[in-house]
Amino acid sequence: MKIKLNSNMITGAVFLVFSTVLHLLIPSQIKTYETGPITAATVPTLLIRGLILCSVILLIQGVLSKDKKEYVVSGALFCKDNLRRLKPLLYIAMLIVYALILPRAGFIVSSLLLSVGILIYFGARKWWFYAIVSANIFFAYFAFQAMSVSLP
């Protein structure tokens, strides 16, 4: 199967989905009891609607554009070269896992796991990279403790 796409179409579609989900989440995330025309949800709603509008414009611009790259969807999609392109998704997944385990495991444990994971991801082999990152995490934790700011 052949698909013709360009970056404007992909970016517009991704941000259209993202901004629509955010727009649907506003009522559950921003509880407001004001009855006036301007509430706590007014500015976020306007910004997200602007994002929806820009996403639609970008998507239309991509559809009407003449220069599109043709992609062939087949079983070769999962070859080694194409899987290497998905490597940034692993980095995003590490950040999502960090956000999920941070409240449960605490700042030090989750930050150490994330930093070690990122160093492994980038192929760091020197032991002192790991020592510097670990020292920075402990320094940040104790600095915030000294300022009476509690971290999870």
Side-chain angles (χ1 to χ4, degrees), residues 1 3-71 73 77-78 82-124 129-152:
M1 179 168 82
I3 300 173
K4 289 188 175 186
L5 298 172
N6 62 18
S7 61
N8 287 348
M9 292 171 65
I10 295 169
T11 307
V14 167
F15 276 99
L16 182 62
V17 169
F18 178 70
S19 57
T20 303
V21 168
L22 285 178
H23 193 275
L24 294 174
L25 287 174
I26 284 179
S28 67
Q29 298 297 315
I30 303 175
K31 305 244 186 256
T32 179
Y33 299 106
E34 295 103 3
T35 57
I38 297 177
T39 65
T42 302
V43 173
T45 303
L46 289 174
L47 290 173
I48 292 175
R49 286 180 183 169
L51 185 61
I52 290 172
L53 178 67
C54 290
S55 300
V56 168
I57 291 170
L58 192 61
L59 185 61
I60 291 171
Q61 186 180 17
V63 169
L64 297 178
S65 175
K66 299 264 188 245
D67 57 328
K68 295 180 184 149
K69 187 174 179 183
E70 188 172 284
Y71 296 96
V73 179
L77 185 66
F78 299 106
N82 288 337
L83 289 177
R84 195 173 300 138
R85 291 183 190 155
L86 297 177
K87 208 171 175 188
L89 293 178
L90 177 62
Y91 189 78
I92 293 169
M94 285 192 294
L95 294 175
I96 291 170
V97 168
Y98 173 74
L100 293 174
I101 67 170
L102 181 65
R104 292 173 185 85
F107 175 77
I108 292 178
V109 173
S110 55
S111 296
L112 285 172
L113 288 173
L114 175 69
S115 61
V116 168
I118 289 173
L119 287 172
I120 291 170
Y121 174 81
F122 284 112
F129 286 171
Y130 296 90
I132 291 172
V133 168
S134 301
N136 281 328
I137 290 170
F138 283 106
F139 177 77
Y141 179 77
F142 290 119
F144 279 102
Q145 289 293 346
M147 293 184 290
S148 300
V149 176
S150 63
L151 296 172

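The structure presented is a predicted model; accordingly, all values stated were derived computationally and were not measured. The basis for the numbers below is simple: all heavy atoms, side chains too, and nothing from hydrogens, waters or symmetry mates.
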Considering all heavy atoms, the nearest [X]-[Y] contact:
X	Y	value
H23	I52	CB-CD1, 4.1 Å
A124	Y130	O-OH, 2.9 Å
V133	S115	CG1-CB, 3.0 Å
I26	A41	CG2-CB, 4.0 Å
S55	S19	OG-OG, 4.2 Å
L102	S110	CD1-OG, 3.0 Å

(Q) Checking side-chain polar atoms at under 3.5 Å, does S111 have a donor or acceptor matched by the opposite partner on Y98? (A) yes

Pairwise side-chain contact, [X] with [Y], heavy-atom cut-off 4.5 Å (strictly under):
X	Y	result
S65	N8	no
L46	T42	yes
L47	L51	no
F107	I137	yes
L95	L114	yes
I118	F122	yes
F18	F15	yes
I57	I60	no

Q.
Determine whether a donor-acceptor pair (N or O, by modelled atom type, separation under 3.5 Å) exists between the side chain of S28 and the backbone of L25.
A. yes

Roughly how far, to the nearest 0.5 Å, is the [atom2] atom of [Y] from the [atom1] atom of [X]?
X	Y	atom1	atom2	value
T45	L22	OG1	CG	11.0 Å
F129	S134	CZ	OG	13.0 Å
L58	T11	CG	OG1	6.0 Å

Q) For the residue pair Y121 and Y91, does the interplanar ring angle fall in the parallel (under 30°), tilted (30 to 60°) or perpendicular (over 60°) class? A) tilted

